[in-house]
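Below: one structure, written as structure tokens.
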Number of protein chains: 2
Amino acid sequence: MENLDNKVLFAKKGIKNTKQRNMTYNILMQENLPVTAELIFLKLKEADEKISLSTVYRILEVFISKGLVIKRNLSEDNMAVFEINNMEHKHHLICYCCKKMQVIKGCPLGAYEKILQEQTDYDISGHRLEIYGYCPDCKEKK
Amino acid sequence: MENLDNKVLFAKKGIKNTKQRNMTYNILMQENLPVTAELIFLKLKEADEKISLSTVYRILEVFISKGLVIKRNLSEDNMAVFEINNMEHKHHLICYCCKKMQVIKGCPLGAYEKILQEQTDYDISGHRLEIYGYCPDCKEKK
DNA sequence: GTAACTGCAAACCTTTTGCAGCTTG
DNA sequence: CAAGCTGCAAAAGGTTTGCAGTTAC
């Protein structure tokens, strides 16, 4: 599962192209949703990759520092989750029941940020929004 | 710093009125912003209260289960923060630089949630929003 | 060849738990 | 007095770090 794109990308960012980094990046791309370090670790094990959990954390740290990955903490539990930084502004819709997460494209907050900036005299540069509810499947079960 | 209101409140919720709970509740009221368990612990120590950190966590747990307190995790670091649940829908504006937090009253998402509900067929019941930027003081320093 | 990366084990930090003793209603 | 709190110390997650050995460029 060697990936030429990754090789080029890593070179551009000035980091070495190792098997572990390559695979970690592929998994993040495949998932395309915030995942825990643990999950990445397990997927790598599954794929018969020799890797340790601390390496996963170190790789993610490097990816974050190079702007390739974003780290966040979801509100419920206190585990960090990681996802590819594809520079796309987006939010997530999360099911209270099954914890499924789906991407919401578009953002309703552009105008609001401007208003808030005037009201508060802050220099507003970002926000974080998660929407919660029950997905169609879980909604029925209730 | 005995507080009669707390006594009545605790009685109504069916929990015992101890010095530690009383003081913890007072601190949360005074702060009126999300704080860590550690900070509550330190404030109690400062006030010469004999308390252990695990008791703080246990008290917060009880308060949460009775609906008196809300727990959340902020995006940056992985420590939980706790605040009084005054049933008011609100969000926070957080300074990237000095980490100061201020309450934003009002919410721009009411209409958006309805639209999203139709689009996604989810049963939407809540959201979580934090706005980030630089406060007037830190803005100048830059 | 050397600077950078990895695995392993141990440390760290926040949060939880078990238990014996103490307090509240 | 009994039920339920608390303090202490130890355990339990998730994450980070030190170090010796390995790998990529």
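Since we're looking at a predicted model, the values are computed, not measured.
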Looking only at N and O atoms, is any donor in the side chain of B:Arg58 or the base of D:dG4 less than 3.5 Å from an acceptor on the other one? no
Figure out the [atom1]/[atom2] separation between [X] and [N], and round it to whole Å.
X: B:Leu53; N: C:dT15; atom1: CG; atom2: C1'; value: 8 Å
X: A:Glu38; N: D:dG14; atom1: CD; atom2: C1'; value: 9 Å
X: B:Asn17; N: D:dA3; atom1: CG; atom2: C1'; value: 16 Å
X: B:Phe10; N: C:dT23; atom1: CZ; atom2: P; value: 19 Å
X: A:Lys13; N: C:dA4; atom1: NZ; atom2: C1'; value: 19 Å
X: B:Leu39; N: C:dT14; atom1: CG; atom2: P; value: 13 Å
X: B:Met23; N: D:dT6; atom1: CE; atom2: P; value: 13 Å
X: B:Ile15; N: D:dC5; atom1: CD1; atom2: P; value: 8 Å

Taking for A:Arg21 and for B:Glu61 the nucleotide of DNA chain C with the nearest heavy atom, the one nearer the 5' end belongs to A:Arg21
B:Ser54 or B:Lys16: which one's nearest nucleotide on DNA chain C is closer to the 5' end? B:Ser54
Lys/Arg N to Asp/Glu carboxylate O, A:Glu49 vs A:Lys43, below 4.0 Å: no
At 4.0 Å (heavy atoms only), tell me whether A:Thr36 reaches a base, stays on the sugar-phosphate, or touches nothing. nothing
At under 4.0 Å between heavy atoms, what does A:Thr55 touch on the DNA or RNA strands: base, sugar-phosphate, or nothing? base
Looking at CD of A:Glu83 and CD1 of A:Ile70, how far apart are the two atoms once the value is rounded to the nearest 0.5 Å? 5.0 Å
Donor-acceptor side-chain pairing of A:His127 and A:Glu113 below 3.5 angstrom: yes
Taking every heavy atom of A:Ala47 against every heavy atom of A:Met23, the minimum-distance pair comes out as CB-CE, 3.8 Å
Out of D:dA24, D:dG14, D:dG7, whichever nucleotide has its closest atom nearest the side chain of B:Ile51: D:dG7
Could I get the full list of side-chain contact (heavy atoms from CB on, under 4.5 Å) partners for A:Ile115, not counting sequence neighbours? A:Gln119
Find which nucleotide of DNA chain D each of B:Ile59 and B:Asn78 is nearest to by heavy atoms, and output the residue with the more 5' nucleotide. B:Ile59
Do any side-chain nitrogens or oxygens of B:Gln20 fall under 4.0 Å of OP1 or OP2 in D:dG7? yes
